[in-house]
Amino acid sequence: MEPAFLSRPVTEVARGLIGGILLVDGVGGRIVETEAYDRTDPASHTFRGPTPRNAAMFGPVGRAYVYRSYGIHWCLNVVCGVEPGSAVLLRALEPLAGIEVMRARRGVADPRLLCRGPGRLCQALGITGALDGRAMDQPPFSLEQPGTTFEIITGRRIGLTKGVATEWRFAVSGSAYVSRGAN
DNA sequence: AGACTGATATTCT
DNA sequence: GAATATCAGTCTA
């Protein structure tokens, strides 16, 4: 993962990360669904400026932004973009490595349910707030650019009440591993 | 299948 | 006090 790849407009990075390989301690898979956020976006955590929670999003490109969702789940973003305060939320993976570890962490057998949704993805990969701000090209993270291209669909983001009409969600067309099928 | 609910950290009002 | 970039469970049909 080269810094130049991430230092582009968030929507381009969100699209470009589709098909990439994310691993945490060797456990992970192919990125099949992402969403873009930036400072101009009312749905973004950075819309109202820096806070202790969103500090990583104002830091260097290529770091992780991990936050707690609804007080319960963890969600993982890749800090990227041209302007500070931008990131791409990783919403779903196609599991490829360490599937048995993921099953044990998640307590489910169906591979489609291991990493389908940002909260599930973090549980399967063992991601917690301890990894907030960590460089994603350094252990325990590994992030590789896509080797091949995929047919990508674009649509509205999921689970928000602001910026609903913004079409900044990207997913592999037809994948059984995306969190909701706009396929 | 779809509607509702509970869990509860962080931020905003 | 209320809302939220969620998920699992339960109830209703």
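We name chains A, B, ... by the order of the sequence lines, and we start the count at 1 in each one.
- We find the CZ-CG distance between A/Phe47 and A/Asp41 to be 8.0 Å, quoted to the nearest 0.5 Å.
- At the heavy-atom level, A/Leu89 lies under 4.0 Å from base atoms of the strands shown.
- Separation of atoms OH (A/Tyr177) and CG (A/Leu96) is listed at 8.5 Å; rounding is to 0.5 Å.
- On the P atoms, C/dA2 is 16 Å away from B/dT5, given to the nearest whole Å.
- For the pair A/Arg63 and A/Tyr65, the cation-pi criterion (under 6.0 Å, within 45° of the ring axis) is not fulfilled.
- Using a 4.0 Å cut-off between charged nitrogen and carboxylate oxygen, A/Glu100 and A/Arg103 count as a salt-bridge pair.
- A nucleotide of DNA chain B counts as in contact with chain A when one of its atoms lies under 4.0 Å from a heavy atom; the first and last such, 5' to 3', are B/dA7 to B/dT13.
- Using modelled atom types and a 3.5 Å distance limit, the side chains of A/Gln123 and A/Arg105 yield no donor-acceptor pair.
- Near-neighbour residues of DNA chain C inside residues 60-87 of chain A, defined by a heavy atom below 4.0 Å, number-ordered: A/Tyr67, A/Ser69, A/Tyr70, A/His73, A/Asn77.
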Intra- and inter-strand pairs of DNA chain B in dot-bracket (Watson-Crick or G-U wobble, both distances under 3.5 Å; | for another strand) = |||||||.||||.

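- When atom types are taken as modelled, the side chain of A/Glu35 and the backbone of A/Arg91 share no donor-acceptor pair closer than 3.5 angstrom.
- Counting heavy atoms from C-beta on, the side chains of A/Met102 and A/Cys115 come closer than 4.5 Å.
- A distance of about 14 Å separates the P atoms of C/dA5 and B/dT13, rounded to the whole Å.
- Listed by residue number, the members of residues 12-21 of chain A with any heavy atom below 4.0 angstrom from DNA chain C form an empty set.
- Place A/Arg53 and A/Arg120 on DNA chain C by their nearest nucleotides, and A/Arg53 ends up nearer the 5' end.
- Boundaries of the chain A contact region on DNA chain C are C/dT4 to C/dA8, first to last in 5' to 3' order (nucleotide atom under 4.0 Å from a heavy atom).
- Between A/Ile18 and A/Thr34, the closest side-chain pair of non-hydrogen atoms falls below 4.5 Å.
- Within residues 90-113 of chain A, the residues that place at least one heavy atom under 4.0 Å from DNA chain C are, in residue-number order, A/Arg91, A/Arg106.
- Among the candidates A/Ile153, A/Leu90, A/Ile158, the single residue satisfying the side chain to side chain contact (heavy atoms under 4.5 Å, CB included) test with A/Glu33 is A/Ile158.
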